[in-house]
Amino acid sequence: QVQLVESGGGLVQPGASLRLSCAASGSIISFYVMGWYRQAPGKQRELVATVARSGSTNYADSAKGRFTISRDNAKNMLYLQMNSLKPEDTAVYYCKGVRGVGVIFEYWGQGTQVTVSS
């Protein structure tokens, strides 16, 4: 099985950058898609970005142009480069991996907190 652990969150000022990492305790090559999600206080968890094993990406409108998702299958790592951070980006960020044939299964990390405040 694969366990996902996020890191890189922190408290930053608006306009700052952060790079989140998601380390997998196993191969991520089987994850045909991986993604970053976030959950702000009092809000539902929402999709931020996804990346397929091929490297193709998709972004939420709120993230497009500011965030970059990437994966390193050789290192079993998922990344989220976040630039021009805004207060509304404040949330707990989770990484996810999806795999399975017939029956799909989602792996989730425990989350890392990102707080954007002046």
Side-chain angles (χ1 to χ4, degrees):
Q1 66 170 6
V2 178
Q3 292 183 326
L4 305 176
V5 180
E6 303 93 335
S7 63
L11 172 63
V12 298
Q13 297 186 65
S17 297
L18 279 176
R19 183 175 177 83
L20 304 183
S21 298
C22 176
S25 61
S27 177
I28 67 169
I29 194 65
S30 62
F31 291 132
Y32 54 85
V33 64
M34 298 188 75
W36 286 96
Y37 291 71
R38 67 186 183 188
Q39 187 166 21
K43 302 290 186 179
Q44 294 182 314
R45 190 170 299 184
E46 65 176 356
L47 172 69
V48 177
T50 63
V51 57
R53 60 189 295 168
S54 65
S56 62
T57 59
N58 284 287
Y59 297 90
D61 289 341
S62 61
K64 191 173 184 178
R66 298 187 299 125
F67 295 1
T68 302
I69 187 172
S70 62
R71 62 191 287 175
D72 188 330
N73 294 325
K75 294 183 177 180
N76 298 320
M77 295 286 290
L78 176 72
Y79 304 100
L80 182 67
Q81 177 65 47
M82 304 186 295
N83 299 323
S84 302
L85 284 164
K86 305 174 181 179
E88 49 263 47
D89 294 319
T90 296
V92 176
Y93 284 71
Y94 301 88
C95 67
K96 183 182 77 173
V98 182
R99 67 182 182 185
V101 179
V103 177
I104 61 173
F105 191 82
E106 298 182 349
Y107 288 83
W108 290 90
Q110 86 292 343
T112 185
Q113 184 176 340
V114 172
T115 302
V116 185
S117 176
S118 59

Test item: Q39 side-chain N/O and A91 main-chain N/O as donor-acceptor pair under 3.5 Å: no
Side-chain donor or acceptor of N76 paired with backbone N/O of I28 under 3.5 Å: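 Side chain of N76 to backbone of I28, a donor-acceptor pair under 3.5 Å: yes, one is there.
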side-chain contact (heavy atoms from CB on, under 4.5 Å) assessment of M77 paired with S21: CA-CA 7 Å; M77 295 286 290; S21 298; 3.7 Å; yes
What closest approach, in Å, do [X] and [Y] show between heavy atoms, and which atom pair accounts for it?
X   : Y   : answer
S84 : S17 : N-OG, 4.2 Å
G97 : F31 : C-CD2, 3.4 Å
A16 : V12 : CB-CB, 3.8 Å
M82 : L85 : CB-CD2, 3.8 Å

All pairs passing salt bridge (charged side-chain N to carboxylate O under 4.0 Å, His left out) where residues 53-71 contributes a residue, at least two apart: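 Listed by first then second residue: R66-D89.
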Y79 with V51, same ILVMFWY side-chain cluster at under 4.5 Å: no
Distance-only donor-acceptor hits, side chain of residues 111-118, under 3.5 Å, sequence neighbours excluded:
| unit_1 | atom_1 | unit_2 | atom_2 | d |
| --- | --- | --- | --- | --- |
| T112 | OG1 | G9 | N | 3.2 |
| Q113 | NE2 | T115 | OG1 | 3.0 |

Contacts table for residues 99-109: side-chain donor-acceptor under 3.5 angstrom, sequence neighbours left out:
| unit_1 | atom_1 | unit_2 | atom_2 | d |
| --- | --- | --- | --- | --- |
| R99 | NH1 | S30 | OG | 2.6 |
| R99 | NH2 | Y107 | OH | 2.8 |
| E106 | OE1 | W108 | NE1 | 3.2 |

Give, for atom [atom1] of [X] and atom [atom2] of [Y], the distance between the pair rounded to the nearest 0.5 Å.
X   : Y   : atom1 : atom2 : value
Y59 : L47 : OH    : CG    : 11.0 Å
N58 : I69 : CG    : CD1   : 9.5 Å
L80 : M34 : CG    : CE    : 12.0 Å
C95 : L78 : SG    : CG    : 6.0 Å
L18 : Y93 : CG    : OH    : 9.0 Å

Set of side-chain hydrogen bond (donor to acceptor under 3.5 Å, both in side chains) partners for E46, sequence neighbours left out: R38
Counterpart residues, side chain to side chain contact (heavy atoms under 4.5 Å, CB included), relative to S25 (two or more places apart):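 So S25 forms a side chain to side chain contact (heavy atoms under 4.5 Å, CB included) with Q3.
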V92/Y37 under side-chain contact (heavy atoms from CB on, under 4.5 Å): CA gap, chis, key distance, verdict: CA-CA 8 Å; V92 176; Y37 291 71; over 6 Å; no
Whether over 12 other heavy atoms sit under 6.0 Å from Q44 CD: no
Set of residues satisfying ring pair (Phe, Tyr, Trp, His ring centres under 6.0 Å) with respect to Y94, sequence neighbours excluded: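 Checked Y94 against ring pair (Phe, Tyr, Trp, His ring centres under 6.0 Å); zero matches.
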